[in-house]
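Scroll down for the structure; my scribbles are underneath it.
A quick note: this is a predicted structure, and the numbers were derived from the prediction, not measured. Values below: every heavy atom of this structure, side chains too, minus hydrogens, waters and symmetry copies.
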Amino acid sequence: MNWLDRLKEDIQAVLDKDPAARSSLEVALVSPGLHALWMHRLSHALWNLGLWLPARLLAHWTRMLTGIEIHPGAKIGRRVVIDHGMGIVVGETAEIGDDVLMFHGVTLGGTGFGRGKRHPTIGSNVVLGAGAKILGPITVGDGAKVGAGSVVLQNVPPGATAVGLPARILAREPQAV
């Protein structure tokens, strides 16, 4: 997929998931979540080339402009939508699957100072509610939902809903066969 098709796909993802989005032009011009993701792709490419300082500088400027902090080392899939992104933090070893919807104040953070995997892995088709904190090298499975204000400290199975402080599993949706 060329970069122009990828930009169009990103815009369409916002139009599909944000009922307040009215047009492609509006989304492209005034969506800070989209801008943060676009800039992350560039900073991630620099990071992967070993250009760590330029990558971190670009991420720093992106945070100042959007209020969204994504470490250049984080891996982010396709059609991710950050709605009302202010206060989002995505750590260095975090991984986010495809078709994820994140609301403001979400943290994908670490719980220690060691090297290696220390941030969450978020599956595909996941919804992360406003203010959710997912901490440590845990996994939120495909199709899971994390409620607003929840603090997740353990794995969330695919299709499950996690809420509370600390989060507990409320329900699992039936898996397709």
Side-chain angles (χ1 to χ4, degrees), residues 10 13-22 27 30-40 43-44 59-60 62-114 116-175:
D10 292 334
V14 174
L15 289 168
D16 290 345
K17 291 183 181 170
D18 182 356
R22 290 176 177 80
V27 168
V30 300
S31 177
L34 187 60
H35 299 155
L37 289 169
W38 286 347
M39 297 310 292
H40 170 72
S43 68
H44 186 68
H60 177 75
T62 301
R63 180 188 63 177
M64 290 193 319
L65 293 172
T66 66
I68 299 166
E69 181 174 348
I70 306 173
H71 191 284
K75 296 175 184 170
I76 300 178
R78 295 172 55 187
R79 297 174 305 277
V80 171
V81 174
I82 298 174
D83 192 11
H84 299 289
M86 184 61 74
I88 285 182
V89 177
V90 178
E92 177 184 11
T93 63
E95 299 174 50
I96 302 172
D98 298 331
D99 302 301
V100 171
L101 176 58
M102 298 172 63
F103 289 94
H104 64 280
V106 168
T107 298
L108 303 180
T111 55
F113 297 104
K117 179 74 170 153
R118 58 192 187 281
H119 298 95
T121 298
I122 308 300
S124 294
N125 299 300
V126 170
V127 176
L128 302 174
K133 309 302 178 203
I134 299 93
L135 304 174
I138 62 174
T139 299
V140 176
D142 292 347
K145 296 179 179 91
V146 177
S150 298
V151 177
V152 181
L153 303 172
Q154 60 185 347
N155 292 338
V156 178
T161 299
V163 296
L165 198 152
R168 63 189 188 289
I169 306 302
L170 284 187
R172 293 183 193 185
E173 295 178 13
Q175 298 297 315

If only atom types and distance count, is the side chain of [X] paired as donor or acceptor with the main-chain N or O of [Y] below 3.5 Å?
{"X": "Asp98", "Y": "Ser124", "answer": "no"}
{"X": "His104", "Y": "Gly87", "answer": "no"}
{"X": "Lys17", "Y": "Asp99", "answer": "yes"}
{"X": "Thr66", "Y": "Pro32", "answer": "no"}
{"X": "Lys133", "Y": "Gly105", "answer": "yes"}
{"X": "Arg168", "Y": "Pro166", "answer": "no"}
{"X": "His119", "Y": "Gly109", "answer": "no"}
{"X": "His40", "Y": "Ala74", "answer": "yes"}

Atom of [X], atom of [Y] and distance for their closest heavy-atom approach:
{"X": "Leu135", "Y": "Pro120", "result": "N-CG, 4.3 Å"}
{"X": "Gly141", "Y": "Val126", "result": "O-CG2, 3.3 Å"}
{"X": "Val152", "Y": "Gln154", "result": "CG1-O, 3.2 Å"}
{"X": "Ser43", "Y": "Pro72", "result": "O-CB, 3.7 Å"}
{"X": "Val146", "Y": "Ala132", "result": "CG1-CB, 3.7 Å"}
{"X": "Val156", "Y": "Ala162", "result": "CG2-CB, 4.0 Å"}

Discussion item. I want to check something: taking the side chain as every heavy atom from C-beta on, are Met39 and Leu65 in contact at a cut-off of under 4.5 Å?
Written reply: no

Worksheet item: Does any non-hydrogen side-chain atom of Thr139 lie less than 4.5 Å from one of Thr121?
Response: yes

Worksheet item: Is the number of heavy atoms from other residues, nucleotides or ligands within 6.0 Å of NZ (Lys75) greater than 12?
Response: no

Working to the nearest 0.5 Å, report the span between [atom1] of [X] and [atom2] of [Y].
{"X": "Lys117", "Y": "Ile138", "atom1": "NZ", "atom2": "CD1", "value": "10.0 Å"}
{"X": "Ile134", "Y": "Asn155", "atom1": "CD1", "atom2": "CG", "value": "12.0 Å"}
{"X": "Ile96", "Y": "Met102", "atom1": "CD1", "atom2": "CE", "value": "4.5 Å"}
{"X": "Asp83", "Y": "Asp18", "atom1": "CG", "atom2": "CG", "value": "4.5 Å"}

Practice prompt. Take Ile122 and Val140 through the side-chain contact (heavy atoms from CB on, under 4.5 Å) test and state the conclusion after the steps.
Written response: CA-CA 5 Å; Ile122 308 300; Val140 176; 3.8 Å; yes

Worksheet, complete the sentence: Which of Ile82, Leu128, Val127 passes side chain to side chain contact (heavy atoms under 4.5 Å, CB included) with Phe103? Answer is Val127

Fill in: Leu37: which of Asp10, Ile68, Thr62, Ile76 passes side chain to side chain contact (heavy atoms under 4.5 Å, CB included)
Ile76

